[in-house]
Amino acid sequence: MSIYAIGDTHLSFAEGKEKPMDIFGPRWYQHWKRLEKNWRDMVKEEDTVIVAGDISWALKLEDAKADLDWIDALPGRKVMFKGNHDLWWSGIKRLNAMYENITFIQNDFFLAENIYICGSRGWITPDSDEFSQEDEKVYRREQMRLEASIEKAEAHIKKRISAGETEKGETEIIGVMHYPPVSKPAAFSGFQQIFEDHGIKRVFYGHVHGEEGFRNTIRGKHHGIEYFLISLDFLNGQPFVVKK
């Protein structure tokens, strides 16, 4: 059983709410068709797929449902994180009651193949030129949500070790965010500090688009943590293999 990840599906299947993405460049031309083909070619029903935010352009849940239904029909168990454009996302209990094969993550984790999938939406970080006092509030709140997610996973691991269900070193906690964990690769953020404090070794994020964006975001190993950009256009619509 494998684990895959992709961000920024940017779907808009609700009637009358369509939003073509090809205005943002050729990588987005009928991007959902390319995503569906790759997903069905790669993912089996027993696999897990992480969707790292900006799932639907819808403003209301009733409109987002067409997009969520489309993802639900694809193979695998889906683990979803909120993006900045997911304005339809509200009421985590309500969301998690909607589908058997979709789990929406907020202040929590998902366990797949001894990998604990933790994270939060994230936000722009203080090194950004656009960072404001209002951003500071959201930035701090998202750090709290990230830490809560990881701490729940750590508590679950300790409980399993005590019960003899697993051993130390057999599990891994990975970080998932929608926003990059830092706005400028040479800077450092509170999100990165949390990952370091908890010994996280791999972090996956989306949000960044376009060739200039790809060049100017954090990727590879920094301070012992490996960062992976998984936005759909960067991956050309092919889910990234987290665990095979």
Side-chain angles (χ1 to χ4, degrees), residues 7-10 19 23-24 50-61 63-64 80-95 104-109 117-154 173-200 202-220 222-225 227-234:
D8 306 271
T9 52
H10 283 296
K19 184 167 182 174
I23 61 169
F24 299 109
I50 300 163
V51 184
D54 279 5
I55 300 156
S56 168
W57 279 113
L59 301 179
K60 298 178 180 179
L61 183 56
D63 293 326
M80 296 199 174
F81 290 82
K82 186 179 183 180
N84 58 301
H85 289 299
D86 292 318
L87 302 180
W88 50 270
W89 181 304
S90 64
I92 194 67
K93 288 184 179 178
R94 180 187 178 190
L95 290 175
F104 299 85
I105 300 293
Q106 186 172 297
N107 302 332
D108 212 336
F109 67 87
I117 302 166
C118 298
S120 75
R121 174 185 58 181
W123 200 246
I124 65 171
T125 51
D127 58 292
S128 169
D129 298 334
E130 300 173 357
F131 195 79
S132 68
Q133 284 188 330
E134 285 301 309
D135 291 318
E136 177 74 28
K137 296 175 186 177
V138 184
Y139 171 65
R140 291 187 179 277
R141 185 178 68 222
E142 289 299 319
Q143 286 181 76
M144 292 172 63
R145 286 179 170 169
L146 175 62
E147 193 133 43
S149 174
I150 295 171
E151 286 177 349
K152 273 194 175 182
E154 289 173 336
I173 298 175
I174 63 170
V176 178
M177 299 177 67
H178 174 64
Y179 280 86
V182 69
S183 300
K184 298 176 182 177
F188 192 79
S189 77
F191 297 120
Q192 289 172 290
Q193 189 63 63
I194 290 169
F195 289 132
E196 288 193 20
D197 290 345
H198 291 274
I200 309 302
R202 294 193 291 166
V203 174
F204 304 84
Y205 69 93
H207 186 70
V208 177
H209 305 298
E211 298 300 331
E212 185 177 352
F214 301 157
R215 287 192 300 270
N216 295 300
T217 195
I218 187 169
R219 284 190 282 142
H222 296 258
H223 301 276
I225 300 173
Y227 294 95
F228 299 88
L229 174 59
I230 56 167
S231 53
L232 185 145
D233 52 334
F234 180 72

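Bear in mind the structure is a predicted one, so any value in this text is a computation, not a measurement.
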So does S132 get a backbone contact from the side chain of D135, meaning a donor-acceptor N/O pair under 3.5 Å? yes
S189 side-chain N/O to P181 backbone N/O, donor-acceptor pair under 3.5 Å: yes
Set out, in order, the CA-CA distance, both residues' side-chain angles and the distance that settles side-chain contact (heavy atoms from CB on, under 4.5 Å) for D129 and K184, then state yes or no. CA-CA 10 Å; D129 298 334; K184 298 176 182 177; 3.0 Å; yes
With distance as the sole test, does Y227 use its side chain to make a donor-acceptor pair with the main-chain N or O of Y205 at under 3.5 Å? no
Just by distance, no angles: are the side chains of W88 and D63 close enough, under 3.5 Å, to form a donor-acceptor pair? no
For the side chain of R219 and the backbone of F214, is there at least one donor-acceptor N/O pair under 3.5 Å apart? yes
Under a 3.5 Å distance rule, please check whether D127 uses its side chain to pair with a backbone N or O of F188 as donor and acceptor. no
Ring geometry between Y179 and H207 (parallel below 30°, tilted from 30 to 60°, perpendicular above 60°): tilted
First locate atom CZ of F109, then atom CD1 of I173, and finally report the distance between them rounded to the nearest 0.5 Å. 9.0 Å
Residue pair S149 / G119: nearest heavy atoms and the distance that separates them: OG-N, 3.0 Å
So F204 and F228, would you call those rings parallel, tilted or perpendicular, with 30° and 60° as cut-offs? parallel
Salt bridge E142-R145, side-chain N to carboxylate O under 4.0 Å: yes
Do side-chain atoms of D54 reach the backbone of N84 as a donor and acceptor pair under 3.5 angstrom? yes
Taking all non-hydrogen atoms of both residues, which atom of S56 and which atom of D86 are closest, and how far apart? N-OD1, 3.2 Å
Is it the case that atom CZ in R141 sees more than 12 heavy atoms from other parts of the structure closer than 6.0 Å? yes
Nearest-0.5 Å distance that lies between atom CD in Q143 and atom CD1 in I194: 4.5 Å
Enter the distance from Q106:CD to L95:CG here, rounded to the nearest 0.5 Å. 8.5 Å
Mind checking the CH2-OG spacing from W123 to S183? Nearest 0.5 Å is all I need. 11.5 Å
Just wondering, do H10 and W57 contact through their side chains at under 4.5 Å, heavy atoms? yes
d(I55 CD1, K82 NZ) to nearest 0.5 Å is 10.5 Å
Assess the side chains of E147 and H198: does a donor N or O sit below 3.5 Å from an acceptor N or O? yes
Give, for atom CG of D108 and atom CD1 of I150, the distance between the pair rounded to the nearest 0.5 Å. 12.5 Å
